[in-house]
There are 2 protein chains.
Amino acid sequence: MAKSPHPNTPLTEHLAYLLAQANREINRQLETRLSTEGVPVEQWRILKVLSDGEGHSMGDLAEAVLLNHPTLTKMIDRMVSDSLVYRRQDAHDRRKVLMFISDRGKALCKRLNSLAASQEAHILENYGDKATGELKRLLENLIDAAS
Amino acid sequence: MAKSPHPNTPLTEHLAYLLAQANREINRQLETRLSTEGVPVEQWRILKVLSDGEGHSMGDLAEAVLLNHPTLTKMIDRMVSDSLVYRRQDAHDRRKVLMFISDRGKALCKRLNSLAASQEAHILENYGDKATGELKRLLENLIDAAS
DNA sequence: TCGAAAATGTTGAATGTTCAAGAATTGGGA
DNA sequence: TCCCAATTCTTGAACATTCAACATTTTCGA
């Protein structure tokens, strides 16, 4: 037998594990940066999506920021309390709730963008421009292939 | 001005976001496979680490399976209830708790390995052998560079 | 040797997430 | 037209995670 069918593969050889590990590390760094403003990563994502000034339905938002519906609803509740975003009913489809960013939200988002940009810059520096570009490309392809 | 300093970058151009998205998708697929056995991904990782038959301290385990200490403690509590693993005090350092896998745990782990392997095979098929290898390499480097 | 600080793991309260069910609205076929 | 199924979002209970504080053991310098 040249190869056993299920060799005792270490965890670190699984793609799923490497992704989890990398995601955890990068996310942690980003979290640390954003904590200056006391905001979780997901809220930054939400603000960023809403930054186009358009109204986005809860469903679309949930999809975009990688949260499921109930979780998003409760996070939006907090953000509304903080006057970062507000809800409006969609006139054309009254089942829908459209979310908008407030001026306060815009100002915060700008500051958060800077913090995030400085993190990306830091990664580029340590990891290299080329590798980063290549990694992004491969990740995009993987996401397409997987969904 | 050739370039604005903070262009309104879409979420999908951030490395952190791509990682989160890819991780979510792959993890979901794996979760779906493992749900046949009613086991969360983290428990599979724990079993896999313990599969070498050695005792592993809670701290080392937590590091290896990407969980923080209290979360691991409670997950191990459940696994002990299910007779998948057991605790022993470390004779050399009595602060430490060493974890071991049971026969039941080993049998389960074997089945889980098959399920996980079939997922990896499925990815390889859709995504390509070469791209997968390259992605793994880049992720490993990123993890090194980032920590 | 002694005692303070560090290391290791667990616990309980606060917090957050998820699942299942529910309310409101829309769409489309009988 | 009318009614039933599908869509969209929210809610409440069950569940899981996190933070801070604790108990135990070890380490190491005075």
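Naming convention: chains lettered A, B, ... in sequence-line order (proteins, then strands); numbering from 1 in each chain. Here the structure is a predicted model, which is why all the values come from computation and not from measurement.
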**Asked** Should B:Ile101 and B:Val41 be counted in the same cluster of Ile, Leu, Val, Met, Phe, Trp and Tyr side chains packed under 4.5 Å apart?
**Response** yes
**Message:** Are B:Leu66 and A:Leu66 connected into the same hydrophobic cluster when the rule is that any two of I, L, V, M, F, W, Y join if their side-chain heavy atoms are below 4.5 Å apart?
**Reply:** no
**Per B:His69 side chain, nearest of listed nucleotides D:dT11, C:dT11, C:dG9** = C:dG9
**Item:** Interatomic distance, A:Leu98 CG vs D:dT8 C1' [rounded to whole Å]
**Value:** 12 Å
**Prompt:** Any side-chain N or O of B:Thr73 under 4.0 Å from OP1/OP2 of C:dT10?
**Reply:** yes
**Prompt:** Which whole-number value in Å describes the distance from B:Leu72 CG to C:dT10 P?
**Reply:** 8 Å
**Fill in**
Per nearest nucleotide of DNA chain C, the residue lying toward the 5' end, A:Leu67 or B:Val97, is B:Val97
**Message:** In this structure, how many angstroms lie between the P atom of C:dT8 and the CD atom of B:Glu63, rounded?
**Reply:** 11 Å
**Request:** Spell out yes or no: do the side chain of B:Lys74 and the base of D:dT18 have one donor N/O and one acceptor N/O closer than 3.5 Å?
**Result:** yes
**Request:** State whether A:Glu120 and A:Lys136 are salt-bridged, where the test is any N-O pair (Lys NZ or Arg NE/NH1/NH2 against Asp/Glu carboxylate O) under 4.0 Å.
**Result:** yes
Quick test: give all pairs of protein nitrogen or oxygen and nucleotides 20-29 of chain C nitrogen or oxygen below 3.5 Å, distance rounded to 0.1 Å.
{"unit_1": "C:dT26", "atom_1": "OP1", "unit_2": "A:Arg94", "atom_2": "N", "d": "3.0"}

**Asked** In the single-linkage hydrophobic clustering (I, L, V, M, F, W, Y; side-chain heavy atoms under 4.5 Å), do A:Tyr86 and A:Leu61 co-cluster?
**Response** no
**Request:** Grab the CD1-P distance between B:Ile76 and D:dA16 for me, whole Å please.
**Result:** 15 Å
**Message:** Nearest whole Å is fine: how far is D:dC9 C1' from A:Asp77 CG?
**Reply:** 11 Å
**Item:** Side-chain N,O (B:Arg78) to OP1/OP2 (D:dT17) below 4.0 Å
**Value:** yes
**Message:** Angle between ring planes, A:Trp44 versus B:His14, binned at 30° and 60°: parallel, tilted or perpendicular?
**Reply:** perpendicular
**Request:** Give a yes or no on whether a salt bridge exists between B:Arg137 and B:Glu134, defined as a side-chain N under 4.0 angstrom from a carboxylate O.
**Result:** yes
**Asked** What integer distance in Å separates B:Met58:CE from D:dT24:C1'?
**Response** 15 Å
**Prompt:** Quick one: B:Asn68 CG to C:dT15 C1', roughly how many Å, whole number?
**Reply:** 14 Å
**Asked** Between B:Ser83 and B:Ser102, what is the shortest heavy-atom contact and its length?
**Response** O-OG, 2.7 Å
**Rounded distance in Å - CD (B:Glu31) to C1' (C:dT17)** = 13 Å
